[in-house]
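Some notes on the structure that comes next.
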Amino acid sequence: MKLLVINPNISDDVTALIESEALRSASPGTELVVRTAGHGVEYIETRFEALIAAGAVAEVIAEYAAAPVDGASIDCVVVAAFGDPGMPALKELTDVPVIGITEAALCAAALQGHRFSIIAISDRIRPWYLDCVERFGLGGRLASIRSINESLNTIGSVQQDFKETLLALSRQAVAEDGADVVILAGAPLAGLARELRGQIPVPVVDGISAGIRMAEAVVGLQSGPHRAGAFAPPPVKARKGLSENLDAALAAAQSASTASTSAASTK
């Protein structure tokens, strides 16, 4: 299978971290196409920055929907930023599954324990993360969100600069907040869970690893596309100013949905 893994921020250093962990996590035979957002911010901390990132991710999805890579279509999209910018709306844009690493990490944590804690890279990011947990209906299982409260040097060096802080926060989440599982949140922390394995006394979930593995599982289920319901493609209507790729991707999704509905009505 072929997975399109998108970094919704513009940091190439973070994309490199994402790709390294994705490659370590992917099963044999899974191909990865890893891409960075074409516009946006260095790293996403707020709801408004997530709004900007959502459009950038939609453009990348539309590009690959219009032009299959090496003659092979994409089987699934992984939105590789905690907070899942653009989700769940991006599920309406394409026939293939679109998996956010937040949803994947929360599902993985929920399977391994009753209560989980999220370890984040900044205090500012916490309200957005809390929104995400509540949107997925798991607010009652959230033990805590703990975060670094110091200025970051560069987004690509967070792991090196704050490794001991992140370890201490994880241990506090277990000892003081009652977490059964710890989620190391955000693409800048990709791969750190492997390094800290055995140093935190509960399971530790990496968002990128969870996203890749969940994507593989969902593709393997072959459940079929959304043709009706909440995630069916948007209705056909006049539109203006969209990029060529995005307009084409919307048109293709709408056409497929219309054809499927018509076929079903004749049976």
Side-chain angles (χ1 to χ4, degrees), residues 7-18 21 40-53 79-85 100-106 108-109 113 115-136 138-211:
N7 174 13
N9 66 53
I10 62 171
S11 170
D12 290 330
D13 288 342
V14 173
T15 301
L17 290 170
I18 292 169
E21 181 57 25
V41 297
E42 181 185 10
Y43 60 98
I44 306 164
E45 290 184 279
T46 72
R47 300 175 186 88
F48 184 72
E49 291 172 344
L51 179 64
I52 295 170
V79 181
F82 214 83
D84 294 354
I101 66 169
T102 309
E103 188 170 19
L106 294 177
R115 304 184 76 219
F116 55 84
S117 286
I118 296 171
I119 308 303
I121 64 172
S122 79
D123 287 341
R124 183 68 177 89
I125 213 167
R126 293 170 67 182
W128 175 38
Y129 282 2
L130 180 59
D131 283 354
C132 294
V133 175
E134 292 178 342
R135 186 178 77 235
F136 290 126
L138 293 170
R141 297 179 68 173
L142 177 66
S144 62
I145 300 177
R146 289 183 173 261
S147 56
I148 298 169
N149 62 2
E150 302 175 48
S151 298
L152 307 182
N153 296 320
T154 64
I155 192 62
S157 66
V158 173
Q159 292 188 39
Q160 292 75 25
D161 297 340
F162 294 101
K163 178 182 175 183
E164 293 305 317
T165 300
L166 293 162
L167 178 58
L169 291 171
S170 299
R171 289 171 170 169
Q172 288 167 3
V174 177
E176 300 175 24
D177 306 330
D180 303 312
V181 182
V182 167
I183 301 171
L184 296 180
L189 302 186
L192 184 60
R194 294 177 186 269
E195 191 173 344
L196 297 183
R197 187 173 294 156
Q199 300 180 57
I200 300 169
V202 298
V204 184
V205 175
D206 181 295
I208 299 300
S209 180

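Any value given below was found using the heavy atoms of this structure, including those in side chains, with hydrogens, waters and symmetry copies removed. Bear in mind that the values here come from a model prediction, so they are computed numbers and not experimental data.
The heavy-atom pair separating I121 from A185 by the smallest distance is CG2-O, 4.4 Å. Listed here is the closest heavy atom pair of P127 and R47: CB-NH2, 3.5 Å. In plain terms, the two heavy atoms of P85 and W128 that are nearest each other are CD-CZ2, 4.2 Å. Counting all heavy atoms, side chain and backbone alike, I18 lies closest to A80 at CD1-O, 3.7 Å.
Put simply, the side chain of T46 gets close to the backbone of E49: a donor and an acceptor are under 3.5 Å apart. A donor-acceptor pair under 3.5 Å links the side-chain atoms of Q159 to the main chain of P188, judged by distance alone. At least one donor-acceptor pair under 3.5 Å links the side chain of D84 to the backbone N or O of I101. A distance-only check finds no donor-acceptor pair linking the side chain of S209 to the backbone of D206 [under 3.5 Å].
A donor and an acceptor atom, one from each side chain of S144 and S117, are located under 3.5 Å apart. Side-chain contact annotation: E42 with S11, donor-acceptor N/O pair under 3.5 Å absent.
A salt bridge (Lys or Arg N to Asp or Glu O under 4.0 Å) check over residues 179-203, counting only residues at least two apart or in different chains, returns the pairs E21-R194, K163-E195.
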Exercise for review: Begin from the C-alpha positions of L184 and L196 and carry the test side-chain contact (heavy atoms from CB on, under 4.5 Å) through to its verdict.
Suggested key: CA-CA 10 Å; L184 296 180; L196 297 183; 4.3 Å; yes

Check your understanding: Do V182 and V174 pass the side-chain contact (heavy atoms from CB on, under 4.5 Å) test, and can you show the C-alpha distance, the side-chain angles, and the key distance before you say yes or no?
Key -> CA-CA 8 Å; V182 167; V174 177; 4.0 Å; yes

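Considering OH of Y129 and CD1 of I183, their distance stands at 10.5 Å, rounded to 0.5 Å. Summarising the geometry, atom CZ belonging to R126 is positioned 9.5 Å from atom CG belonging to N149; distances are rounded to the nearest 0.5 Å. In this structure, the separation between CD1 on I10 and CD1 on I155 is 11.5 Å, given to the nearest 0.5 Å. To the nearest 0.5 Å, atoms CZ (F162) and CG (L189) are separated by 11.0 Å. Summarising the geometry, atom CG belonging to L192 is positioned 12.5 Å from atom CD1 belonging to I208; distances are rounded to the nearest 0.5 Å. For the atom pair CG of N7 and CG of L17, the computed distance is 9.5 Å after rounding to the nearest 0.5 Å.
Side-chain contact between F82 and I44: absent, with no pair of heavy atoms (C-beta onward) separated by less than 4.5 Å. Considering only heavy atoms from C-beta on, T165 comes within 4.5 Å of L169 through its side chain. Side-chain contact between R115 and L142 is absent, with no heavy-atom pair separated by less than 4.5 Å. In this structure the side chain of V158 reaches within 4.5 angstrom of the side chain of I148, judged on heavy atoms. The shortest side-chain heavy-atom distance between I200 and V202 falls under the 4.5 Å cut-off. The side-chain heavy atoms of V205 and V181, taken from C-beta on, include a pair separated by under 4.5 Å. The shortest side-chain heavy-atom distance between S147 and I125 does not fall under the 4.5 Å cut-off. Residues F116 and V133 meet the side-chain proximity criterion, which asks for heavy atoms closer than 4.5 Å.
A search for ring-ring contact (aromatic ring centres under 6.0 Å, His included) contacts involving F136 returns nothing, not counting sequence neighbours. The salt bridge (Lys or Arg N to Asp or Glu O under 4.0 Å) test applied to R124 returns no partner, not counting sequence neighbours. Residues satisfying the salt bridge (Lys or Arg N to Asp or Glu O under 4.0 Å) criterion with D161, sequence neighbours excluded, are absent altogether. Annotation: salt bridge (Lys or Arg N to Asp or Glu O under 4.0 Å) contacts of R135 (sequence neighbours excluded): none. Taking D177 as the reference, R146 meet the salt bridge (Lys or Arg N to Asp or Glu O under 4.0 Å) condition, with sequence neighbours excluded.
Screening T102, I118, L106, L138 for a side chain to side chain contact (heavy atoms under 4.5 Å, CB included) involving C132 leaves a single residue, T102.
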